[in-house]
Asks: 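Below is one structure. I have some questions about it.
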Amino acid sequence: QVQLVESGGGLVQAGGSLRLSCAASGRAFSTYAMGWFRQAPGKERQFVAGLSWRGGSTYYADSVKGRFTISRDNAKNTVYLQMNSLKPEDTAVYYCAAEQFGGRGTSDYEYDYWGQGTQDTVSS
């Protein structure tokens with residue numbers, strides 16, 4: 001099992017940057033595929049970025065490609081989401097998710113473990 005705690009959310013102006021962190025407790029963090037999702041008010045939760053457990057390949061939603069970067073530090077049991085060139089439509093609660101030995105998951109049901117979420121607000 002793994003427990004996830006997000007941090008780094010906040011208020012930023014359009015065009016600015018934020019870096020989210022997701023700290024994982026538990027063993028064998030390196031065997032978990034990691035993902036970031038977000039949920040805006042009145043909308044369904046959507047995939048943002050993912051990072052495989054083997055090989056470290058990354059993949060992104062089209063809406064954030066070229067602006068967001070997902071990375072991990074297995075020594076610190078932490079995954080990051082660097083968000084640049086933020087837009088008001090990026091405003092949402094951002095969730096970290098994990099799946100042991102997972103694939104390139106882009107749907108909720110592909111992840112077993114979730115953090116509590118962190119609010120990011122981008123003002124225009």
Side-chain angles (χ1 to χ4, degrees):
Q1 271 193 337
V2 65
Q3 293 168 336
L4 306 173
V5 178
E6 302 98 334
S7 62
L11 174 64
V12 66
Q13 288 189 329
S17 298
L18 282 173
R19 188 176 82 153
L20 305 184
S21 299
C22 173
S25 62
R27 302 176 65 180
F29 174 72
S30 63
T31 66
Y32 285 82
M34 303 299 297
W36 285 97
F37 288 73
R38 67 186 181 187
Q39 187 168 21
K43 296 187 177 181
E44 293 186 353
R45 189 158 56 185
Q46 63 177 193
F47 170 77
V48 175
L51 182 59
S52 67
W53 73 274
R54 179 185 287 176
S57 64
T58 59
Y59 45 104
Y60 300 91
D62 288 343
S63 59
V64 307
K65 210 171 285 184
R67 299 188 298 123
F68 290 12
T69 302
I70 186 172
S71 62
R72 70 192 300 160
D73 185 338
N74 288 336
K76 295 183 178 179
N77 279 17
T78 301
V79 64
Y80 303 98
L81 184 68
Q82 178 67 44
M83 306 187 293
N84 298 329
S85 302
L86 283 162
K87 305 174 182 179
E89 52 263 44
D90 294 318
T91 295
V93 176
Y94 283 73
Y95 297 89
C96 173
E99 175 68 11
Q100 194 170 30
F101 305 123
R104 294 171 63 89
T106 59
S107 299
D108 283 17
Y109 62 82
E110 296 179 271
Y111 293 86
D112 284 337
Y113 304 101
W114 292 84
Q116 82 289 349
T118 182
Q119 175 70 51
D120 293 338
T121 303
V122 183
S123 63
S124 56

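In this text, all values refer to a predicted model and were calculated from it rather than measured experimentally.
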Asks: Does the Y59 side chain pair with the main chain of G105, one donor and one acceptor, at a distance under 3.5 Å?
Replies: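 Side chain of Y59 to backbone of G105: a pair is present.
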Asks: Could you give the distance from CG (L11) to CD (Q119), rounded to the nearest 0.5 Å?
Replies: 9.5 Å
Asks: Are L20 and W114 co-members of a hydrophobic cluster defined by side-chain heavy atoms under 4.5 Å apart?
Replies: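 Per the 4.5 Å side-chain linkage, W114 and L20 are not co-clustered.
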Asks: Could you measure the distance from the NZ atom of K65 to the OG1 atom of T58? Nearest 0.5 Å is fine.
Replies: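 With rounding to 0.5 Å, NZ (K65) is 10.0 Å from OG1 (T58).
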Asks: Which value, rounded to the nearest 0.5 Å, describes the distance between S30 atom OG and R54 atom CZ?
Replies: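 Interatomic distance, S30 OG to R54 CZ, rounded to 0.5 Å: 11.5 Å.
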Asks: Looking at Q116, I'd like to know if its CD atom is crowded, meaning that more than 12 non-hydrogen atoms belonging to other residues, nucleotides or ligands lie closer than 6.0 Å.
Replies: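 Yes, because the 6.0 Å sphere around CD of Q116 holds more than 12 heavy atoms from other groups.
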Asks: Could you state the interatomic distance from OG1 (T118) to CH2 (W36), rounded to the nearest 0.5 Å?
Replies: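 One finds 7.5 Å between OG1 of T118 and CH2 of W36.
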Asks: Any donor and acceptor pair, going by atom type alone, linking the side chain of T91 with main-chain N or O of V122 inside 3.5 Å?
Replies: yes
Asks: Nearest 0.5 Å please: distance from the CD atom of E6 over to the OH atom of Y95.
Replies: 8.5 Å
Asks: Scan the side chains in residues 78-86 for donor-acceptor partners under 3.5 Å anywhere in the protein, sequence neighbours excluded, and list what turns up.
Replies:
{"from": "T78", "atom 1": "OG1", "to": "K76", "atom 2": "O", "distance (Å)": "2.8"}
{"from": "Q82", "atom 1": "NE2", "to": "N84", "atom 2": "OD1", "distance (Å)": "2.9"}
{"from": "N84", "atom 1": "OD1", "to": "S17", "atom 2": "OG", "distance (Å)": "2.9"}

Asks: Quick one: does R38's side chain have a donor or acceptor within less than 3.5 Å of a partner on D120's backbone?
Replies: no
Asks: Applying a strict under-4.5 Å side-chain criterion to I, L, V, M, F, W and Y, I'd like to know whether L4 and I70 cluster together.
Replies: yes
Asks: Looking at residues at least two apart in the chain, or sitting in another chain, which of them share a salt bridge (Lys or Arg N to Asp or Glu O under 4.0 Å) with K43?
Replies: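 In terms of salt bridge (Lys or Arg N to Asp or Glu O under 4.0 Å), with neighbours along the sequence ignored, K43 is linked to no residue.
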Asks: Roughly how far apart are M34 CE and W53 CH2, rounded to 0.5 Å?
Replies: 14.5 Å
